[in-house]
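Single-structure report; data block below.
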Amino acid sequence: MADSYSINGMANHMDALLTEMRTTLGQTTDEAFRPTAGRGLAAHGRVRAVVGDRGYLTDLVIDRDWAAGVDNQTLVRAVKEAVCKAVDNVHEQIQGLPPIADQLDEMVDALDQTLNQISNDLSRAVGGTGPL
């Protein structure tokens, strides 16, 4: 069995470290940059709107039976209200996300730690005793 500090074991060891780093960075970015969709309701739930993170309307559902019984102005007001609530909901979600600078610092730290460990392991594998 190859020692992780031997030349033969180094490739597997480095691959494991890089996989761990990718997992850590992936979790960090998934948490920080997850897609956001805002939802809004109006007319007691008879009008439902979904807005994407860029503010574009992605879905609008209007109860046909309700819409058939109201005038155009009521229908337009309900659609506007649902869309505005959905946009507000997106803004609330975005404001709740951590600042990107904090996430980038965590990613850089994870990368630094992994590269330092690879450097130290490589030094041991070629016969050195301490960090490079």
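Numbering of residues begins at 1 and proceeds along the displayed sequence.
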Taking a hydrophobic cluster as the set of Ile, Leu, Val, Met, Phe, Trp and Tyr residues connected by side-chain heavy atoms closer than 4.5 Å, whether directly or through intermediates, do L60 and V51 fall within one such cluster? yes
Sequence neighbours excluded, which residues qualify as side-chain hydrogen bond (donor to acceptor under 3.5 Å, both in side chains) partners of D71? T74
Note: N89 and A37 closest approach over all heavy atoms is OD1-O, 3.7 Å
Using 0.5 Å steps for rounding, measure from the CD atom of Q93 to the CZ atom of R39. 8.0 Å
Which atom names give the shortest non-hydrogen contact between V79 and V47, and what distance separates them? CA-CG1, 4.0 Å
Smallest heavy-atom separation, G38 atom then V90 atom, equals N-CG2, 3.2 Å
Side-chain heavy atoms under 4.5 angstrom apart, residues restricted to Ile, Leu, Val, Met, Phe, Trp, Tyr: same cluster for V70 and I62? yes
Which atom names give the shortest non-hydrogen contact between L41 and E81, and what distance separates them? O-OE2, 4.3 Å
Return the minimal non-hydrogen interatomic distance between A78 and A42, and the atom names on each side. O-CB, 3.2 Å
